[in-house]
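Okay, so here's the structure we're looking at.
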Amino acid sequence: VEQAGVTEVLPFGHLDPRPGSAGSGLWTRWPLTPLDPVPGTKNAAPRARLAPPAGPPVTVTVVHPAAPVNRQEPRWQQDLETIRLTLAESAGPQLVAGDFNASRDHRVFRDILRAGFVDCADAAQQRHWPGLTWPTDRRHPPLMRLDHVLASRAGCVVHQARTMRVPGTDHRGVLAVLEFGGFRGVAPPG
């Protein structure tokens, strides 16, 4: 990440490094205050409160629940339910980004949306729908949207959402431009 120059553009970060794809992190251009992570998920799920120069503070959560493969479906469902419950405990504007290993086809993902969130790929005023993100390491284009940027419905306007190539991964990233309470900012790629 540092070699790619991310910290030059986004100097504030909160990381939970772990081996392989189990670690996560978030970087911002504004100061942030680390919060307790989502408890008990298989992979890291760091959280922080972002303090933009104008507008309300925003709670940012990075997620990567277990994949529902190799008999891990119960763990995947548990991770997504834990994420939903943790988000429900937070007041104020929220942003949730990451590889959810889920799409609208999955009830546990729809439960998160019903808890007061909007998927930026669906709600953006300018979007490249359907925003499919996985897999990217095959000869054919991506077939599913597993990677999402979600925002709390109340007080949020999603101006733009698009996918982007991320070298070295089998997923496309998601770039979203959002406005919380009159403040416009770019969400971290999910």
Donor-acceptor contact present, side-chain R47 to main-chain V60, <3.5 Å:
no
Is it true that L26 and F12 fall in one hydrophobic cluster, defined by side-chain heavy atoms closer than 4.5 Å?
yes
So if you build clusters from Ile, Leu, Val, Met, Phe, Trp, Tyr with side-chain heavy-atom gaps below 4.5 Å, do F117 and F100 land together?
yes
If you apply the rule side chain to side chain contact (heavy atoms under 4.5 Å, CB included), what do you find for D99 with D147, and how did you get there?
CA-CA 4 Å; D99 174 2; D147 306 88; 3.3 Å; yes
Could you tell me the separation between the OG1 atom of T163 and the CZ atom of R127, rounded to the nearest 0.5 Å?
13.5 Å
Taking S24 for its side chain and V62 for its backbone only, find out whether a donor-acceptor pair lies under 3.5 Å.
no
To the nearest 0.5 angstrom, please state how far the CG atom of D137 sits from the NE2 atom of H171.
8.5 Å
Could you grab the distance from atom CZ of R75 to atom CD of Q78, nearest 0.5 Å is fine?
5.5 Å
Considering non-hydrogen atoms only, spot the tightest contact between F180 and A151 and give its length.
CZ-CB, 4.1 Å
Please determine which of L35, V96, L95 meets the side-chain contact (heavy atoms from CB on, under 4.5 Å) test together with T59.
L35
With heavy-atom distances below 4.5 Å as the criterion, would you say the side chains of T41 and P65 are in contact?
no
Please assess T61 against V38 for the test side chain to side chain contact (heavy atoms under 4.5 Å, CB included), listing each intermediate value before the final yes or no.
CA-CA 8 Å; T61 305; V38 176; 3.7 Å; yes
Return the minimal non-hydrogen interatomic distance between V149 and A97, and the atom names on each side.
CG2-CB, 4.1 Å
Can you see which heavy atom on L15 is nearest to which on W27, and at what distance?
CD2-CZ2, 3.2 Å
Quick check: closest heavy atoms across K42 and A66, and the distance to 0.1 Å?
CD-CB, 3.7 Å
Could you pull out the closest heavy-atom pair between A102 and L80, with the gap in Å?
CB-CD1, 4.1 Å
Would the F109 and H148 ring centres measure less than 6.0 Å apart?
yes
Please name the pair of heavy atoms, one in Q72 and one in A67, separated by the smallest distance, quoted to 0.1 Å.
CB-O, 3.3 Å
For S103 and R145, indicate whether the former's side chain and the latter's backbone hold a donor-acceptor pair under 3.5 Å.
no
Salt bridge or not for R104 and D119, using N-O below 4.0 Å?
no
Validation row: C120, V174 side chains within 4.5 angstrom (heavy atoms):
no
Are more than 12 heavy atoms, taken from residues, nucleotides or ligands other than R71, located less than 6.0 Å from that residue's CZ atom?
no
Should L87 and L150 be counted in the same cluster of Ile, Leu, Val, Met, Phe, Trp and Tyr side chains packed under 4.5 Å apart?
yes
Does the side chain of R114 come within less than 4.5 Å of R107's, by heavy atoms?
yes
Got a second to check how far W134's CH2 is from L143's CG, nearest 0.5 Å?
8.0 Å
Kindly compute the distance separating CG (D79) from NE2 (H64), expressed to the nearest 0.5 Å.
10.0 Å
Evaluate side chain to side chain contact (heavy atoms under 4.5 Å, CB included) for Q160 paired with Q125, printing each intermediate quantity in order.
CA-CA 6 Å; Q160 182 182 33; Q125 295 169 352; over 6 Å; no
Indicate if W76 and I112 have the same hydrophobic cluster label, given that clusters are the connected sets of ILVMFWY residues with side-chain heavy-atom separations under 4.5 angstrom.
yes
How many angstroms lie between CG in D170 and CZ in R138, if you round to the nearest 0.5 Å?
7.0 Å
